[in-house]
**Q** 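To start, I am sharing the structure in question, which I have written as structure tokens.
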Amino acid sequence: MHIYSSHVLVCSGTTCSSKQSILIIDKLKDGIKRKKLNEKIQVITTSCFGLCTKGPIVVIYPEGAIYSNVTLNDIDEIINEHLVNGRIVKRLLSGDNNENNSYETADFFKKQERIALRNCGVINPEMIEEYIAYDGYQALGKVLTDMTPEQVIDKVLDSGLRGRGGAGFPTGRKWLFAAKAKGDKKYVCCNADEGDPGAFMDRSILEGDPHSIIEAMAIAAYGIGSDQGYIYVRAEYPIAVKRLNIAIKQAKDMGLLGDNIFETDFSFNLELRLGAGAFVCGEETALMTSIEGKRGEPRPRPPFPANKGLFQKPTILNNVETLANIPVIILKGANWFKTIGTKKSPGTKVFAIGGKINNTGLVEIPMGTTLREVIYDIGGGIPNGKKFKAAQTGGPSGGCIPASHLDVPIEYDTLIELGSMMGSGGLIIMDEDNCMVDIAKFFLEFSVDESCGKCPPCRIGTKRMYEILKRITEGKGEVGDIKTLEELSETIQAAALCGLGKSSPNPVLSTLRYFRHEYEEHIINKRCSAGVCKELLDYIIIPSDCKGCTKCIKVCPTKAITGMIKEPHIINQEECIKCGACLEACPFGAIIRK
Amino acid sequence: MSKNCQCGEDKVCQLDNVIKEHKNIAGALIPVLHEAQKIFGYLPMSVQKQISKGLNISLAEIYGVVTFYSEFSTEPKGEYQINVCLGTACYVKGANDILEQFKKQLKIDVGQTTSDNKFSINACRCVGACGLAPVVTINEEVYGKLVADDVKGILEKYQV
Amino acid sequence: MKSIAELDAIRKKALNNMKVKKENQGYKIVIGMATCGIAAGAKPIMSAFIEQLEKRNISVPVSKTGCVGVCRLEPMADIIDDMGNKTTYIMLTPDKVEKIVQNHIINGQVVSEFTINSTQAIF
Amino acid sequence: MGKVNITIDGIDMKVPEDYSVLEAAREVGVDIPTLCYLKDINEIGACRMCLVEIKQARGLQASCVYPVSEGLDIITNSESIRKARKATLELILSNHDRSCLTCNRNNSCELQALSDRLNVRELRYEGEKTLYPLDLKSHSIVRDNNKCILCRRCISMCKNIQTVSVIDTTERGFYSNISSPFDLSLNDVPCISCGQCINVCPVNALREKDDTELVWDAINDKSKHVVVQTAPATRVAIGEEFGLPIGTRCTKNMVGALRRIGFDKVFDTDTGADLTIMEEGTELLHRLNNGGKLPMITSCSPGWVTFCEYNFPEFLDNLSTCKSPMQMFGAVLKTYYAKKTNINPADIIVVAVMPCIAKKAESKRPEMSVNGLADVDHVITTRELAKMIKEAGIDFHTISSDHYDDPMGDASGAGVIFGATGGVMEAAIRTVYEIVTKKPLDNLDIISVRGIKGIKEANVQIGDFTLKAAVASGTGNARKLLEMVKSGEKDYHFIEIMACPGGCVNGGGQPIQSSAVRSKYDLREERAKAIYAEDVKLSVRKSHENKLVQKLYKEFLGEPGGHKSHELLHTHYIDREKYPISQ
């Protein structure tokens, strides 16, 4: 058997062949022969390396140097420098040989699958050309020139895409209802009124890739037979608003919005509407009422928006992230989409991870990823060596998931079984320093503030629940309080008018389910182990640190502190009203809150 | 040619132009209120009356809409708008303490303005800078990763 | 927009324009300018890049983009070379920008202590 | 209208396809409780009292807004429904001023009735209550938001039906409340005091200003000669306050009761109405013959007059300058009657019993006076009169009197029909026809202007002249009609407008009927029937044939439209700015 000292591998896959790799092979063989190295060096034609974008590829062993984008002009240099002189031709080295310094290679991104966020951080959102360069508007072109509206809806149906705004209703079915509804005018609306505290994935898409939303809305409009769309976006997102306006103008100028797009009969116009600071407007009927210029109060369904929505016309409303998936599904197909995620929840979900976690930020993961992977592999775990306590998903409509369920795969139905919900994708991590009663109180306060006030269960019921929670965190909880909270929750869930109202007790119910002992501790023992509820803490003077300066005695409004000068003082817990004045006054840090 | 008022200086004229531009679009009220608040800084009765006449919507309905949405204000606001983010991410990282500190320092409550019209405190929902939690914005400035002790120093920057 | 062919033509042209050009030192700078980036101070960073480039009288395009998700590491910038290689610098300050322009743009050496993978400890 | 098959509590039934589940249920004797629901006026599904289970839908659904559809399977009574309704009601009660014993609506309160019906015996969810100051500034309406349950019927009435739009929901969440812009008093907004909001309020958040004490004081003041006049529509409604069926004529009981209460004289506003016809008819003819401003629009409804002053100042010259019958009659009482009986006009107190609360405000207008004396001193509503009768211990059912008092008690059927929409038009035609043609009118019943339709039109042949007439009731309809006139789409000589839908029979001072009763009966229709029945019964049915009116002109006023008439019986109007900024 002949042993070669060097092997030169040349790719002859389709892409590389098309870029002259055959000629390159001939020239290499020829050159090697002329240098009389043909006994030592073997030229091998291989199949595809999988680096087609950088072809033609030439790999030389034993060094393992990968030369990319090789042209016929490079061959002489490769032979002379590398094969004769043993010097690697640096300028031809593929990037894959370089040290990895881009974000794509960071662990944070390794478990991610970026569909909705595909262009975020990649293209310049203010340049339509860059969107087009990354296959933008190809899907719209394909749909308009090559597909019937029925085929479009079938494809979305087939993909199994579910609404990313929270409830997970199949997007295709929504479209189908609106397509079937009779109406001289139909509307496509985009819900960009992202209001969950701690959620900002929609904002990120609007800021990073506004054209994907415009393209998707046009596709939806074609599917259901609409010619007018509205994007309802939070006024608190000025950058998103600015970029959307730029994008709409660019699309109009380029004829991707307006009349007879791609010289078809299809026309589509888009208007931006700004929200004005009302969380309830994220509810679909409330959002439409708001676009109509009224108080954003939900209305009863039926009639459903697909039949009587905006201005009483058939309307579909999709969330930003949902729409961002559409062009990709059209281009890559429903089957491709279904290979990602789980059977019941295909595709990915974007989460905004925040709270007590090392890597706060935005992640897009395939459905079915476990919470543990998200928190520890992507999120980098809990800072300061603290213990994970719970993850909150779904914002004010969702709930808390405790450590015992960290290995549950994240998808719509599993989260609901756990008493939480997918929601729009806020994922707040809490550690042992967070009090779950306090967290429930925080969400209820939010629900009280943001209740529209139309129906009594939400208007008064959430207020009463908040009052009880507030009492509990102030040490005034009574034994029957938990029962009353449960009763009220049941009433609100059953009787409230809209989805937001119905789900407002969820944060209380889920914390009661998993952290009932914390409630009991607050009510019965008047203690808050997490150290959050101020009224339940004691102010204590550490005798060894107290210099007896009497500063604390002077500021105490209730004369609860006693002690002789230059001797350790004592706080009488019965008298203390926990105002904290002493703690601020102590120059030696001798007073602690426990 | 548009018959819009040309003087441009006068806020009332500016609002009239806005009303004319929006008059024929469906659901014009909220866009007009946004613009009006930009022009006047707030929405006093005279402004709402002008919109009522211009769009032919009753003042009662307009007032109902204005008081529904927290973005709209019928009171003038302070020169510096302190927005303390109370989004969940900020809350779990102690945003409440920051808010309390601002209230204590300025001796006003949320939604109020100091007597010298210098500061207003608002509790706002997520500003989307969760990575910097807890976050406070003062007009265009963003202050992140705050602790209560930072508050005094921040306010001093604006006191001069 | 009249046809797919027209769209494709725009696409090709845009792709070509997005390529890093030799005459631009073979680099392109892209700064994260979403709310998180701006809140963390991306605007002064962009000014610093432009200032440093002007000072040295070299022309490298500076562009903006959205959020990649690691908001807590903002302000961030990618430096892309003509091979398409991307280097992500994080938690930038104007001082860091000066060093990056000097070492990376002028001398082709990645300033690895400022890159995203220098922070493996927290990843 | 097609029909659909549905099942309610296991009962299969066929109902029209435009029915709501609530309507369908009531048809099979299932009385689903409601609170915010008011048929055709307020169907918003807000209060959650009418929740039912629907097999085809998730969760509980508000039956008042749930449309029926083929195969719908509905359960109206289950453990979860009962619990949800009751707990929701308890929540409403937890933020309600529960001073029921001293409440104006004690025993006529829908919330109270519902609490009893749902067997609420304890309140589990006490907490913060919203507190609001009373709005007492208006002459006509008192608003007490501490009683308000946010059902929004008043808004639907004010905004959608009447298009007055001076109240709306403001703020949000727990602090949402019904108020005028910038929390102004109803007195300082373009409220027309039609009182329709009061009539639809299920509780006591809105009520008329109670003037009964003033009337008692006058009666008890022996130095005063207290006369009372009663409007046409009061007599066909007051019986409802005493449990009589809607549309019962109670003229005799009412007159008897008034006399027993202690009024010195009991007169009939219908006399004033006859006088109005004489003046208004003359004015119309004058305008027609002399190129005056047309169409001429009636001015007897003070709610409508205020509406016109605020919303259609360009039509002020079209308003008849005639005072309303109540004011005309008051002016005559303080002049002619005073002279006739030799009583110092300053010692005469004129009390008016009206189906209307705008009359309270009207009587306070400075121009409604002669020689510095108000034409009418106190106005009480039908409801207030009922209260006085009850307080005085009078058995309304047995007391009776045949006639109003002399010398001012004569009235015609034309005066009576003023109480229903179209009545003024009909009365005017009866008189104008005979004055112009000098021939008796064959058929006095002018059917084309009767009925509860919001806008009615009639072309009336008077000799060789065709009078183009239109009638609108409810200011929403008035707005529609005037917009059509303004745009030139319609052209009339004479328009009758009443502020309240259906006219005075459905006035803001009339007995309040619950939502459930209003779903079953059309109050406007039932009460109007009684009005027309009263007309037929009277021997004199034309204003110009009223002997007293004839005598009045002969002895005192001279001729209709003459100098004296103008001084006493006519008035003027003011272009009123909405929300003057000086407030």
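Protein chains get the first letters and strands the later ones, always in sequence-line order, with residue 1 at the start of each. All values below were derived from every heavy atom in this structure, side-chain atoms included, with hydrogens, water molecules and symmetry-related copies excluded.
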**Q** Which atoms of B:Ser52 come close to chain D, meaning under 4.5 Å heavy atom to heavy atom: side chain ones, backbone ones, both, or neither?
**A** neither
**Q** Please classify the contact between B:Thr74 and chain D as side chain, backbone, both or neither, with a heavy-atom cut-off of under 4.5 Å.
**A** side chain
**Q** Can you say whether D:Asp183 sits under 4.5 Å from chain B via the side chain, the backbone, both, or neither, judging by heavy atoms?
**A**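 Both parts, backbone and side chain.
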**Q** Determine the interplanar angle of the B:Tyr63 and D:Phe182 rings, folded into 0 to 90°, and report it as parallel if under 30°, tilted if 30 to 60°, perpendicular if over 60°.
**A**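 B:Tyr63 and D:Phe182: tilted rings.
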**Q** What part of D:Lys159 gets within 4.5 angstrom of chain B, counting heavy atoms only: side chain, backbone, both, or neither?
**A**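 Contact with chain B: side chain only.
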**Q** Let me confirm one number: the CZ-CD distance from B:Phe119 to B:Gln112, rounded to the nearest 0.5 Å.
**A**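 Answer rounded to 0.5 Å: 15.0 Å.
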**Q** For a quick test of reading the model, state the closest non-hydrogen atom pair linking D:Asn318 to D:Glu314 and the distance between them.
**A** OD1-O, 3.9 Å
**Q** For the residue pair D:Thr163 / D:Arg479, report whether a side-chain donor-acceptor contact shorter than 3.5 Å exists.
**A** yes
